[in-house]
Amino acid sequence: MKRILKKAGILLLVFLLGTAGTALLLNSESTDNRSDFNDAVFPEVMVDMNDTLINRMYGYAQPMQADFTRDSVTPLDTSKKLTFKVNPYDSEVKSFSYEIRTSDGSKVLENKKIKNLVKEDQYLSVDVEIGSDLRMNQEYSMQIALELDEGTAYYYTRVVSRSQVHASDYAAFVKYFYEACLDKESADALGSYLEPQTTGAATNYSGININSSLSEISWGNLAPQLCQEGIPVIKEINETTASVVLEYQLTSQNEDEETELYDVKEFYRMKYQDTRIYLLDFQRSANQVFDGTLPVYEDDGIILGVRDKNVEYMMNDAATVIAFVQEGDLWSYSPGNEKVNQVFSFRKSKDGDFRDSRTQHDIKIVRVTDEGDIDFVLYGYMNRGSHEGYEGIAVYHYNRDKNVAEERAFIPVSESFEFLKKDLEKLSYVNEKNELFLILAKNLYRINIEENSSEILEKGIKNANFVSSDNNDHAAWLVSEGDEKGNIKEIDFDTCKTRLIAPQKGQRLRTVGFMNEDLIYGMLNKEDILTDEEGHKSVGIRILRIEDFEGNVKKEYRKDGLYITDISVGNTLIEFELSAKSGETSYVAQKKDTIMNNKKAAANTVKIELISASRTGVRVKLVFNTTKQTDSPLTMYAKISSSDRKDIVLDTQIPQETAYYVYGQGGLDGIYTDPAKAVLRADTLGGVVLNRTQQYVWERGNKKTKMQIDTEGIPEIVLQGTYDIKTLKKSLKKTGTVIDLSGCSLDSVLYEISAQRPVIAKTGADTSVVIVGYDEYNTWLYDPVKKETYPYGMNDSTDLFQKAGNVFITYIETVNY
């Protein structure tokens, strides 16, 4: 009997040891080998501005399009000398070379190679003196190339010659401000820079600004600790103001002394005056890095933590698995089987740095199957791995059974993340045949992932005429060329079937958007396209139609005698104005109306809920119907399987065209074809407008106090005061680009005078003047009839031009290098 008991005991011990060993192995696999990515190897490059490091640059694996890479702006003083610091980490830097190019990258003005880099602490230092004759107030592209054992890494900044910009003062202020915020005693001194407005709302650390309270600015009860220091990155700078972005990382301890990690991004807009810095704008977003091991699970959902409420998520039809994206990481959660999986992340679990935690990439979830498999598209800058340093688009399939995210295809591109994001937000879809559909450089591509091939389905698609459904499986556009010009073409990406909607004789069509998977489009007549005296067009739609892919009309909306204008399509309704014609030149809004989305909510609808706590403030929670089974589900970390296929190379060179880029609040805000709309947008952001050649079209806050332009240097066609756009374009074709700023305020337009560009201004039905100067009290106007210049009061000028419709036309001289 004892022998039997002894054997039973031994068997029990073996069983327990085996079980413990298996659990230990599972736990080990789920916490350590989080990724098969290699460590990042590219060094970082920074500018040393009077002993303050600014403009941290990350390495690109291939040369980029210079006019579509604007990560930072580096100001040059009269000496045109710069000191660069290189943080090599574990890489050997063999040489440092640089090129100064025209802003569109078309011409190299200077290049030089430097082999002797000076070792200073953990950095390598190199001094550069630019010898080229650079124009003042004109941006140039600077490409830096580091020769490494692993190949060549490219780095980009813009250089601009501007006098007395106080760059080092601004950088030092930003460093002082963010460090003082982390110390309650030091933070007391920051009160004079703020403009607090009491709202009574709970603190939201993802949306702090200059109107927040001193307590909120100094992190309230969060008690964070600095984890990774920030380096100021200059986005805009001139003689009056500067815009700077700062990114850093914090940690905070929860009630159980567990560590939370936060990515923080701050935007500063500052003004230097009377030997001190004034804070014009401040914005801060803190976003929590999701950690599946923390206590974030509740009976009805999962707490994502401090972040914005625009969550990229998708739940499968069976309502058993939800996938969501947070701070560049993709997670899936299965409340029913007690598992949470980190599907994709560039981050290292320990000993990481900004190279692996940088979030200049995003993830779009395409599909979540009932088995828990996930198809997703990763796009942007690749932090590490076999594609380190590339901007690109990667297609992944996550196999839940194997817990592996397999790369299926990779497409390198040569535009920076903020430009790529604009394209991918329009369309990125993978169907079940493993075909990827993208809009890039105005072409609609179909990529066969299995065959590693690509084809262009449609060329020359204009962004304004392209619409796609919420999940991107349908899209439609107005055909702009060929036999089908003027037709609307719609495509079902799952079947690749297309259909055409043809206008009737004399009719015009307009794409509007999608409601559910049904296309919304408008019908109008040729005479409903109105043109005012200055050539500006406005469109009124007679009939708004909602139609499924089979051509069945779900709804048709019209109001006799009125026209549909200013349409906005949301998730739940379509909003628009009902307008009447004002003569033959414009529309005047009469009243608003809406069309509701009547689709019934699915049974497994996921809701986003905001909750609040005293320490963390407002947090985001995903709420769903499935009930969790445990308070501490097993946290898994997927392996990453890279593809051994060749990259799919597409022609992503952006075609030459007239475009205006609005930069504001630390990044690219929008791309416009209408310069007036670009200026109006930049004015609200406190930003700038640049053209394709990176000339400053307009800047907020950089207008001189007074300016007078010599009329002898102004082209005769401009002095004639004509506001006929076609005539001006024809006459100034070799001189410059005509800029129509009609609709902007006089105050905004005076920036052009400050930049020594005369402005034609309409004063009556057939009369105009040329604005050639201004001071504090007057504008200086040139009379084309009398050929005389005279002062006119600022208030009277404002009133005169407003009554004439604020019609302003100027031109920007062509830069000849």
Side-chain angles (χ1 to χ4, degrees), residues 45 47-50 54-55 57 63-84 95-115 126-145 154-168 234-240 242 656 661 663 688-699 702 704 707 709-710 712-715 732 734-737 739 751-758 810-817:
V45 177
V47 179
D48 187 341
M49 190 71 67
N50 295 337
I54 66 168
N55 290 0
M57 293 168 254
M64 303 289 286
Q65 292 186 65
D67 48 345
F68 291 93
T69 306
R70 192 175 187 268
D71 297 333
S72 64
V73 175
T74 301
L76 299 172
D77 59 20
T78 54
S79 71
K80 292 191 288 187
K81 293 181 179 179
L82 291 171
T83 298
F84 291 94
S95 68
F96 176 108
S97 58
Y98 71 90
E99 289 183 348
I100 303 296
R101 289 177 173 264
T102 55
S103 292
D104 61 359
S106 62
K107 185 177 180 181
V108 178
L109 304 180
E110 177 177 335
N111 58 62
K112 190 174 182 181
K113 187 172 186 177
I114 302 168
K115 290 187 176 180
V126 58
D127 293 326
V128 168
E129 183 174 355
I130 297 171
S132 301
D133 185 18
L134 305 182
R135 288 171 173 253
M136 292 291 289
N137 303 319
Q138 169 69 47
E139 289 190 6
Y140 295 82
S141 173
M142 185 174 194
Q143 175 187 282
I144 296 165
Y154 301 90
Y155 302 80
Y156 290 86
T157 185
R158 299 279 180 86
V159 293
V160 59
S161 294
R162 293 193 137 166
S163 59
Q164 299 180 337
V165 294
H166 308 286
S168 58
I234 298 173
K235 295 294 186 176
E236 316 293 343
I237 193 163
N238 55 49
E239 291 84 348
T240 310
Q656 287 290 337
Y661 306 106
Y663 291 90
V688 303
V689 180
L690 279 79
N691 62 12
R692 182 67 188 263
T693 58
Q694 308 307 308
Q695 292 171 285
Y696 288 96
V697 176
W698 189 87
E699 298 175 85
N702 192 32
K704 294 178 174 62
M707 175 58 67
I709 303 173
D710 186 352
E712 291 186 5
I714 299 174
L732 296 173
K734 295 182 179 179
T735 306
T737 303
I739 304 291
Y751 168 84
E752 307 303 327
I753 312 300
S754 178
Q756 302 190 51
R757 302 170 191 148
T810 185
Y811 72 98
I812 297 181
E813 288 188 350
T814 302
V815 177
N816 296 312
Y817 297 101

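If you read the sequence from its start, that first residue is 1, and numbering goes on from there. Quick caveat, the model's predicted, so the values are computed rather than measured.
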Legend entry - Crowding at CG, Asp133 (>12 non-hydrogen neighbours, <6.0 Å): no
Say whether, by atom type as modelled, one donor and one acceptor occur between the side chain of [X] and the main chain of [Y] under 3.5 angstrom.
X      : Y      : answer
Lys112 : Glu129 : no
Ser161 : Leu76  : no
Thr810 : Pro758 : yes
Thr102 : Lys107 : yes
Lys235 : Asp71  : yes
Gln695 : Glu813 : yes
Glu110 : Gly131 : yes
Ser132 : Leu109 : yes

Inset, instruction - For the pair Asp127 and Lys81, find out whether any cationic side-chain nitrogen is under 4.0 Å from an anionic carboxylate oxygen. - result: no
Legend entry - Glu236/Arg158 salt bridge by N-O under 4.0 Å criterion: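 A salt bridge is absent here (no side-chain N lies under 4.0 Å from a carboxylate O).
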Shortest non-hydrogen separation from [X] to [Y] and the atoms involved:
X      : Y      : answer
Asn55  : Ile234 : OD1-N, 2.7 Å
Tyr696 : Asn137 : CD1-O, 3.4 Å
Gln143 : Pro63  : OE1-CB, 4.2 Å

Inset, instruction - Using the salt bridge (charged side-chain N to carboxylate O under 4.0 Å, His left out) rule, take Arg162 and Glu699 through it: C-alpha gap first, then chi angles, then the decisive distance, then the call. - result: CA-CA 14 Å; Arg162 293 193 137 166; Glu699 298 175 85; 2.8 Å; yes
Inset, instruction - Hey, could you give me the CH2/CD distance between Trp698 and Glu752, rounded to the nearest 0.5 Å? - result: 9.5 Å
Inset, instruction - Please tell me if the side chains of Leu690 and Glu139 come closer than 4.5 Å, counting only heavy atoms from C-beta onward. - result: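 Yes; the side chains approach each other to less than 4.5 Å.
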Inset, instruction - Assign the ring pair Phe68 / Tyr661 to parallel, tilted or perpendicular, where the plane angle (0 to 90°) is split at 30° and 60°. - result: perpendicular
